[in-house]
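Working notes, beginning with the structure itself.
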Amino acid sequence: MYAYDPQVVETKWQENWQSAGLYDTVDDTADDSTDETADDAAKQGEKPRYYVLEMFPYPSGDVHMGHVRNYTIGDVVSRYRRMRGFDVLHPIGWDSFGLPAENAAIRQNTSPAVWTYTNIERQRASLKRLGFSYDWSRTVITSDVDYYRWGQWIFLRFWQNGLVERRSSPVNWCPSCATVLANEQVVGNGACWRCGSVVKRRELEQWFFKITDYAEELLKDLAILDDWPQRVKQMQANWIGKSQGAEVIFELCDEQGEPSKEKITVFTTRPDTLFGASFFLLAPEHPLVKGLIAGTEYAAAVERVATKAANATAVERAQGEREKNGAFTGRYVINPVNGEKLPIWVSDYVLMDYGTGAVMAVPSGDQRDFEFARAYGLPIPPVVVAADDPLLAALSDEPTRVQNDVDWPAAYDGPGIMVQSGEFTGMDGGKDSAGSQAVTNWLEQRGLGRATVNYRLRDWLISRQRYWGNPIPAIHCETCGIVPVPEADLPVLLPLDVDVTAGKSLADYPEFYNVTCPQCGGAAHRETDTMDTFTCSSWYFLRYTDVHNDQAPFGVAAARAWMPVDQYIGGIEHAILHLLYARFFTKALRDIGLFGEKYPADHAVQADFANGSNVLAGFANSLGADSNPKVAVTSPDTSSFDRKADSPADPSANPKAALLRAGEPFARLLTQGMVKLGGEVMSKSKGNVVAPEEVIAAYGADALRVFILFMAPPDKDLEWSKEGLEGIWRFLNRVWRQVFTLSGEDMDAAKQTEGQTEGQTKDQTEKLVAQEAGTQAEAQTATATQVHAELTRQLHRSGLKATEDIERFNFNTAISAVMELSNSAAVYLKLPCAQRNVNLSKQVAETLVLLLAPMAPHFAEELWQGPLDNVHKGSVHTQNWPRFDVACAQANTIEMAVQINGKVKARITVAADAVDDEVRTAALIAADSFLAGRQPTKVIVVPHKLVSIVV
RNA sequence: GCCCGGGUGGCGGAAUGGCAGACGCGGAGGUCUCAAAAACCUUUGUCGCAAGACGUGAGGGUUCAAAUCCCUCCCCGGGCACCA
């Protein structure tokens, strides 16, 4: 036997696997365009496919423990699936555009490209050193032209299909990153997700992806993601924030109540409270405000409120007392249900970017309106009263409307009875109540409103005022407005020599900036904004299926063969950001037709894609004809592009195909927990980082991998423990020695063990043979037989448990099952050599190695091809996963607990196949002394577990 | 405020309603050794000399049986939040 030296073993097999191309994906997708299930594939004698993917890294420096954890989990799944007979796609790449590269380049006086690609090479080496089974021929690097050109292509297709808008709106601006941010990238109380600076609101013209068109589908399809964590689905649902309610149209009027034909629509979730409206509110930024107050005595006060709101940061608006500032505009609207005249106020608690920026205020039913009414002395008429509220009886006798003289401490927004509500009085009120429905119907019949739905989800702001990103393929022409870059002119190359250290930007590079308009041929300039890096990561999983395609982002056959990803693994921090964007992209790409005819047919996409860039040219013309191209760059007709269509749910179809048809990219999602030290997330700034390289140098990659899998379930946070790592190191070394001994490769050691432990064996197994009579020699033989039987059972028990646990991603308990087998083997190895069974020894050794192969790949390979002498069978990683037998895992006799009134009082040993009656009899005999003559009223036998006696 | 998770020995963590604490770490004692390391063996929830009693955040409930299901709370973590 030679000692376990991970450095030698690991480098040796890494080189071997690489040169053998062990992990290259079997590429048989070219002529395959049908949906298939594992069963179909099996029938055709082909292997079923399995696509396992981990969120690709940002090349921000060295590989850290979070990466190690993420990629180890993926690697176990990948290797296990291969051994289960799947063709596995397991790729890796880099999400390599983005701001950190620019900041680092400035700091280190280099270029973002150099910094990025240097880091990629470093990380690539680290990932290889960890022995991950990636198909390195399928690497995707998002800053490579071969990749980002297709990002531009997709951008144009989105544009063509009405999913791109350029418009002016209030946006989030990070002063430190000097760029705008998407809503999803503002975290906590208005902080930039990257640098943590306080984000400012600014009115800017920017590029958006119309993710809101998919709000309903993104929400609804969460229901079919059975294998996503509830938490992630909940977070997405919260973020999308659907509210059911009604739009109500209010008409402006003068002081005498004369209508003026001008209308303002509000959104409400409580149409049942319409009779309780006592004033009307506009957001300070509302476009109507200026007109309403122009030249009036109210203008100054209103403008003060507006200025104060505009200057407040998101943090200020979210924190503090939430004091509500407001001012009367001097104007009124008419309440459509009762003709009442309501004063229009402006207040900062009304948000311009939710609903319509206008609100009907019902102070008795809404706490915010209530506080505002109190502060400004406005009426608070009751409208929905709780059934047990004494006010209800009082109001029913009241002939005229009650106002402020009802002194409530707070608004009431629960279910109740409608009062003072004309023909609706007495109906059930509350959210989604009959009263709500009735009022909505009433409004609809008269054209005064309609049932509608509102979402909190905002359109995705994708433009960034930064250099290191995918250039937005658009051209600004003074005559034609904003024109798409013709498809034939793609890619728009990002110049690599922009000197960010000198503060230069794309606008400073004439060869990039100055172009001729593709439409009129006149002088024009390129858009200098680049796309949010999240656009790059929104479809990379599709590119992996067909990395080398130079005709399209990916082929239909490849996508349909592999997608959706069977198992996606990554951090919870992307629960909303990346995971929502990727779902949106996949749905949009489906509707655009990139998954083939069958898919868009379900979703009624009518766009003509036969002529590629011609369509785009025509589209560009239509843009040029627009009188105000800077605002309306959106396709005029999106009605044919029906994204609200139901996801077709054919229950007979295989789930994978159904998910792809629904435009869902990830069938199963695992969000792994964080790696912590001292209860804190490892981070350079906290100085509590354990570098993977150092651990590998001391213990090897396999020990690190097994440790990380063993210390916690994958979805929970993991506390780093030097002692725990050493425990795993001991475990691997023990298995190493055991395999050598078991395989007969180490006769010296075997003899040594024999000589050394003969005495101990006797002690150790005395318990097992307590009931056996006879001479010492006989006892030892009997013990040996029992040890063999126990080891055999443990082998099957461990095998079954490990298999089940890997399937369920309980890697920690899978490893403990292997430890139990090793513990049993240790007992067995105490038997003198002559009392061991060669076949059993070999079987146990091979099982230990095969079960550990996905987790400790190099370790397993060395033992497989070394002491186990299985070179002729090829790599351990191409072996079939061993089969185990439930019957073999079971002992002939089992011990059962006997409970009396719920307490365990005795134990019985019965045959494993004993029928209930036999067990019952045995239990009653064993319990006799505890029963003390009492008669059992009930005896419950739980087979193989216990007997419960009730007296 | 609303919505999700979670709370089990000294620690990480196990337990389709069926013997709580698998497995590992740590601790204690031992074997081997001149000694140490490594390895191996025994032991290790709490209280108790013991018999035994108690024990999964707290309190109730359902059940022959509850860490697990139900109700009322407490604490920790996370998401959303002046969203009409």
Side-chain angles (χ1 to χ4, degrees), chain A residues 187-189 229-243 245 266-270 273 281 283 317-318 322-324 347-351 353-362 365-369 371-372 413 454-457 572-573 575-576 707 710-713 715-728 730-731 733-734 737 753 756-757 759-761 763-764 801 805 810 812-820 822-823 826 829-830 895-905 907 936-951:
Chain A
V187 296
N189 276 331
Q230 190 57 38
R231 179 157 70 130
V232 174
K233 290 193 278 187
Q234 191 65 48
M235 282 165 74
Q236 292 212 356
N238 280 351
W239 187 259
I240 294 166
K242 180 179 183 174
S243 288
V266 301
F267 172 74
T268 178
T269 55
R270 295 290 305 278
T273 64
L281 288 160
R317 250 179 121 158
R322 294 196 167 175
E323 201 178 304
K324 291 163 182 59
S347 178
D348 49 8
Y349 77 92
V350 180
L351 307 174
D353 54 7
Y354 184 77
T356 60
V359 172
M360 65 170 206
V362 183
D366 181 289
Q367 189 58 25
R368 294 157 299 172
D369 297 344
E371 283 163 20
F372 191 85
D413 62 3
N454 234 297
Y455 299 92
R456 177 159 47 229
L457 183 70
I572 186 75
E573 67 272 20
I576 294 172
F707 163 75
F710 179 68
M711 278 305 278
D715 55 331
K716 298 263 176 62
D717 287 351
L718 181 156
E719 179 67 25
W720 182 264
S721 155
K722 181 83 195 294
E723 292 75 25
L725 177 64
E726 273 165 1
I728 292 300
R730 281 199 290 269
F731 164 64
N733 277 285
R734 188 170 66 233
R737 289 190 303 271
T753 324
Q756 193 182 67
T757 55
Q760 287 171 355
T761 310
D763 295 347
Q764 220 266 318
K801 173 125 180 79
D805 286 346
N810 293 341
N812 53 334
T813 50
I815 291 165
S816 61
V818 181
M819 287 172 168
E820 285 180 89
S822 168
N823 289 345
L829 284 173
K830 299 211 177 314
E895 193 179 68
M896 290 174 74
V898 180
Q899 290 184 341
I900 298 172
N901 287 345
K903 301 261 181 209
V904 177
K905 290 289 183 186
R907 295 179 177 281
T937 53
K938 204 170 175 186
V939 179
I940 297 155
V941 177
V942 184
H944 294 192
K945 295 258 162 77
L946 54 72
V947 181
S948 184
I949 299 171
V950 193
V951 291

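No experiment lies behind these values; they were computed from the predicted model shown. Basis for what follows: all heavy atoms, side chains included, without hydrogens, waters or symmetry-related copies. Convention: sequence-line order gives letters A, B, ...; per-chain numbering from 1.
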- Task: Find the distance A:K716:NZ to B:G78:P and express it as a whole number of Å.
- Result: 16 Å
- First encountered from the 5' end of RNA chain B, between A:G724 and A:R231: A:R231
- Look only at the side chain of A:T937 and the backbone of A:V950, and say whether a donor-acceptor pair between them is shorter than 3.5 Å. yes
- Query: Expressed in whole Å, how much space separates the C1' atoms belonging to B:A84 and B:C4?
  - Reply: 24 Å
- Query: What is the distance, rounded to the nearest whole Å, between atom CZ of A:R907 and atom P of B:C19?
  - Reply: 10 Å
- Item | B:U56 and B:G29, which share atom name C1', separated by this distance in whole Å | 30 Å
- Message: Which nucleotide, if any, forms a Watson-Crick or G-U wobble pair with B:C80, using both distances under 3.5 Å?
- Response: B:G1
- Task: Describe the nucleic acid contact of A:N733 in one word from base, sugar-phosphate, nothing, applying a heavy-atom distance below 4.0 Å.
- Result: nothing
- Just compare B:C41, B:C82, B:C64 and give me whichever is closest to any side-chain atom of A:K830. B:C41
- Which nucleotide in the list B:G18, B:A53, B:C25 gets nearest to the side chain of A:K945? B:G18
- Message: Looking only at the side chain of A:T269 (C-beta and beyond, no hydrogens), which of the listed nucleotides B:A84, B:C82, B:C80 gets closest?
- Response: B:A84
- Message: Only pairs with both distances under 3.5 Å count, Watson-Crick or wobble alike; so what is the partner of B:A35 in this structure?
- Response: none
- Nucleotide nearest A:V359 when distance is taken to its side chain, options B:A84, B:C64, B:C40: B:A84
- Message: From the set B:C23, B:C82, B:C19, return the single nucleotide nearest to any side-chain atom of A:F710.
- Response: B:C23
- Message: Does A:G727 reach a base, just sugar-phosphate, or nothing at all? Heavy atoms under 4.0 Å.
- Response: sugar-phosphate
- Message: Would the distance check show the side chain of A:D369 and the main-chain N or O of A:V362 forming a donor-acceptor pair, the cut-off being under 3.5 Å?
- Response: yes
- Query: Counting any heavy atom closer than 4.0 Å, what does A:E895 reach on the DNA or RNA strands: base, sugar-phosphate only, or nothing?
  - Reply: base
- Query: Where is the tightest heavy-atom contact between A:I576 and A:Q236, given as atom of each residue plus distance?
  - Reply: O-NE2, 4.3 Å
- Query: With a 4.0 Å cut-off on heavy atoms, is A:R456 in touch with a base, just the backbone sugar-phosphate, or nothing at all?
  - Reply: base
- Task: Go through the steps to decide whether A:L281 and A:Y349 satisfy the test side-chain contact (heavy atoms from CB on, under 4.5 Å), and finish with yes or no.
- Result: CA-CA 9 Å; A:L281 288 160; A:Y349 77 92; 2.9 Å; yes
- Message: Pairing check on B:A50: which nucleotide meets the Watson-Crick or G-U wobble criteria with it, both distances under 3.5 Å?
- Response: none
- Assign A:P229 to base, sugar-phosphate, or nothing according to its heavy-atom contacts below 4.0 angstrom with the strands shown. nothing
- What does A:D369 touch in the nucleic acid at a heavy-atom separation under 4.0 angstrom: a base, only the sugar-phosphate, or nothing? nothing
- Task: Please determine, for the side chain of A:Q234, which listed nucleotide (B:C4, B:A39, B:A84) has the closest atom?
- Result: B:C4
- Base, sugar-phosphate alone, or nothing: which one does A:D717 contact when heavy atoms must sit under 4.0 Å apart? sugar-phosphate
- Task: Would you mind classifying the nucleic acid contact of A:E820 as base, sugar-phosphate or nothing, using non-hydrogen atoms under 4.0 angstrom?
- Result: sugar-phosphate
- Item | C1'-based separation of B:U44 from B:A37 [nearest Å] | 24 Å
- Is there a donor-acceptor pair under 3.5 Å between the side chain of A:D366 and the backbone N or O of A:A361? no
- Task: From the options B:A39, B:G79, B:A22, select the nucleotide whose nearest atom is closest to the side chain of A:N238.
- Result: B:G79
- Query: Starting at CZ of A:R730 and ending at P of B:C41, how long is that distance when rounded to a whole Å?
  - Reply: 13 Å
- Item | Nucleotide nearest A:T813 (side chain, heavy atoms from C-beta), chosen from B:A14, B:C54, B:C83 | B:A14
- Name the closest nucleotide to the A:A712 side chain, picking from B:G13, B:C19, B:G78. B:G13
- Query: Is a side-chain donor or acceptor of A:R456 paired with a backbone partner of A:Y354 at a separation under 3.5 angstrom?
  - Reply: no
- Message: Should the side chain of A:K938 and the base of B:C64 be counted as holding a donor-acceptor pair, with the cut-off at 3.5 Å?
- Response: no
